[in-house]
Amino acid sequence: FQKDVVELDIKDVDREEFEFNINVDSQSIKTNLSRRRRVFLYGILENKYLLLLISFITVVITSLIIFLNVQVLNKVYKVNESFKVAGFVMKVTNSYVMDTNYLGKNIGGKKYNYILVKANLHNISGIENYISTENVRLVLNGRTYIPQVSDYNDFSDIAPGYNENKFTADETRSYVFGFEIDKKVSVKTAYFKVLMSKAFSNKGELLKKYQKVKINITKPGNMKLIETGKLGKEMWFNKSHIGGSNIKLDDYSFDDGFMYNYKSCTGNTCRILSKAVVTNDLENKAILQLSGRMVMDASLGFSVSEVPEYISKIARIEYKLENDKNTYYSPLINMTDPDIADNNYYYEVNFQVVWAQKVWLSFRFRDKEYRYMLQE
C-alpha cells in the first residue's frame, strides 16, 4: 500500500476542500410562475362558458351511463317490484329459509336448509306459456343453485311448487321455487334470477342476460297466535302468506258418514246426484262435516276444488277433553269430492274428538297460528 501511495504522488495539498457557488435567480423564477398562473386564469375566464358546457355534457353522459347500467341494463329489482321476463309479468313476494315440511317434520336433517322464493306470475304473452326451471337460479355468496322440484310437496302450505306449470293466456298464479343449500351457508341476502335472453358474442361465447331480484330471506320464529275466530264469523288471514284469504263456517258435526250432493256431467248435460262419504275405520275414526266456505286470495290461483285439500295441509283439529288440561290434536284427512255441489267440506278425524268439550281448527302457517273455534 505504501508503494502505491508513493507512485500516486499524493500530497497534503490534495486534502484541500473545494467550494462551488451556484447562483440562482429566484426572483426571475417567481416572476415566470406568476406570469404562467395569470395566463392560465385568463384562459379559464375567457373560455369559462365553453368549459362549463363541456363539464355539463360530461356529467350528463356519465349520469346517463350509470342510470342505464343500474336501472335499465343491469337493474336489480326489489321484493314486490314487478318485472317482465319470458312473456310474463313476475313479482317476488317473499322468501323463506326452513328445514321442516308443512307438518313441522324435519326434512333437512343436520345438513340441509331449503330456501323458498314465492312469486306471482301473470302470463302476458297472449298464448299458453311457461318458464323453464332450467332458466331459474338462486345466487348465494357467489354460488349458483337450481330449483329442487322433488321437494315441493313439503312446502305446499306456502304455495304450490313451480315445475314448468303451463299458464293460459292472461292467467295469474302464485308459486314457490325451492332450493336446497348446506346449513353452513349464510342465508341473509341472496339473488333470485330468471333468464331473459341469450346470444352468442363475436368470439362465439354464449352470453346470458338475467332479470335479477335481491331477496332478504326470513326464517320462521316460534309459533305465535295471530287471531281467533268463531262460527258464523269471517276470519281473515291477512298476516299470513295466503294474504287476503278468509274462512267462514256456519256449522259442524261428527258422524260415521254423511250424504252429499255432487255434479255429474256428460257432454253438455249435468245432473245433481247423491253419494255417501264414510269412514272405513268405525272404531277409531269419524267424519267431520264443516258447513261453510274458505275463500282463497285470487292471486294464489287456487280453484274451488283444491281448497279442501289445502285446508288439510295447513289446519288440524285441536281439542280438550272434560276434566283434562291436556290439548290433543287430530290431522284432517280430506274426504271431500272435487265435484261436490254443497257448501260442505268432509274430513276423517280421530274418533276421540267426538267426545271433546272444547274443539277448534288450528291453521298453522309455519310461525303463525289462526284458531277458528267450533265448540267453546
Side-chain angles (χ1 to χ4, degrees), residues 67 69-100 102 113-124 130-133 135-149 151-152 154-163 165 167 171-181 185-196 208-221 224 226 236-245 296-302 314 365-368:
F67 174 80
N69 188 55
V70 175
Q71 295 296 328
V72 180
L73 299 178
N74 295 296
K75 181 175 181 177
V76 177
Y77 292 88
K78 300 177 181 178
V79 172
N80 289 317
E81 189 173 1
S82 299
F83 57 91
K84 294 181 179 180
V85 62
F88 286 87
V89 172
M90 192 171 188
K91 179 172 66 176
V92 172
T93 57
N94 218 326
S95 57
Y96 316 86
V97 58
M98 55 189 64
D99 60 1
T100 59
Y102 61 86
N113 276 325
Y114 295 89
I115 290 181
L116 307 177
V117 179
K118 185 178 180 182
N120 181 269
L121 295 92
H122 177 205
N123 180 14
I124 60 171
Y130 74 99
I131 293 176
S132 172
T133 53
N135 296 333
V136 178
R137 297 287 185 270
L138 179 76
V139 179
L140 187 63
N141 299 336
R143 184 173 177 179
T144 300
Y145 300 84
I146 61 175
Q148 297 291 320
V149 297
D151 301 317
Y152 279 165
D154 292 317
F155 312 109
S156 55
D157 58 319
I158 296 175
Y162 184 80
N163 188 14
N165 304 78
F167 287 68
E171 184 178 8
T172 300
R173 274 183 273 158
S174 290
Y175 285 97
V176 291
F177 298 83
F179 305 87
E180 185 181 77
I181 65 168
V185 177
S186 173
V187 294
K188 290 184 179 180
T189 303
Y191 293 92
F192 178 76
K193 303 196 308 181
V194 183
L195 184 67
M196 185 170 64
K208 296 182 179 181
K209 183 174 178 58
Y210 289 87
Q211 293 284 41
K212 185 186 296 185
V213 183
K214 183 178 181 181
I215 56 177
N216 296 316
I217 303 168
T218 58
K219 185 174 184 178
K224 181 179 180 182
I226 303 299
W236 293 79
F237 301 92
N238 290 329
K239 294 182 180 180
S240 74
H241 56 251
I242 63 171
S245 304
M296 303 299 294
D297 189 322
S299 67
L300 299 175
F302 279 89
I314 63 172
F365 302 94
R366 301 294 172 167
D367 59 350
K368 299 178 179 65

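Heads up: numbering here begins at 1 and tracks the sequence. As the structure is a prediction and not an experimental result, all values here were calculated from the model.
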Taking every non-hydrogen atom, the tightest pair across [X] and [Y]:
X      : Y      : result
Ala159 : Ser174 : CB-O, 4.2 Å
Val213 : Val76  : C-CG1, 4.5 Å
Val176 : Ile158 : CG1-CG2, 3.7 Å
Ile131 : Ala86  : CG1-CB, 4.3 Å

Is the shortest side-chain heavy-atom distance between [X] and [Y] below 4.5 Å?
X      : Y      : result
Asn80  : Val92  : no
Lys75  : Glu81  : yes
Phe192 : Tyr77  : no
Thr133 : Ile146 : no
Lys214 : Tyr191 : yes

Determine all donor-acceptor pairs shorter than 3.5 Å in which one atom belongs to a side chain in residues 135-145; sequence neighbours excluded.
residue: Arg137; atom: NH1; partner: Glu134; partner atom: O; Å: 2.7
residue: Arg137; atom: NH2; partner: Glu134; partner atom: O; Å: 3.0
residue: Asn141; atom: ND2; partner: Ser186; partner atom: O; Å: 3.4

Mind checking the [atom1]-[atom2] spacing from [X] to [Y]? Nearest 0.5 Å is all I need.
X      : Y      : atom1 : atom2 : value
Ile181 : Asn113 : CD1   : CG    : 5.5 Å
Thr100 : Phe155 : OG1   : CZ    : 7.5 Å
Asp99  : Asp154 : CG    : CG    : 11.0 Å
Ser82  : Met90  : OG    : CE    : 11.0 Å
Phe365 : Ile314 : CZ    : CD1   : 4.0 Å
Leu116 : Phe179 : CG    : CZ    : 9.0 Å

Item checked: Given Tyr162, Phe302, Tyr152, the one that forms ring-ring contact (aromatic ring centres under 6.0 Å, His included) with Tyr175 ->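 Single pass found, and it is Tyr162.
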
Notebook entry, point to check: Is the centre of the Phe88 ring less than 6.0 Å from the centre of the Phe167 ring?
Noted result: yes

Notebook entry, point to check: Is there a donor-acceptor contact under 3.5 Å from the side chain of Glu171 to the main chain of Asn123?
Noted result: no

Next item on the list: Indicate whether any N or O donor in one side chain lies under 3.5 Å from an N or O acceptor in the other, for Asp297 and Ser245.
Entry: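 No - no donor-acceptor pair under 3.5 Å links their side chains.
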
Next item on the list: For Tyr114, enumerate each residue passing the side-chain hydrogen bond (donor to acceptor under 3.5 Å, both in side chains) test, keeping only those at least two apart in sequence or located in another chain.
Entry: Glu180

Margin query: If the condition is side-chain hydrogen bond (donor to acceptor under 3.5 Å, both in side chains), which residues does His241 pass it with, not counting sequence neighbours?
Written below: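 So His241 forms no side-chain hydrogen bond (donor to acceptor under 3.5 Å, both in side chains) with any residue.
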
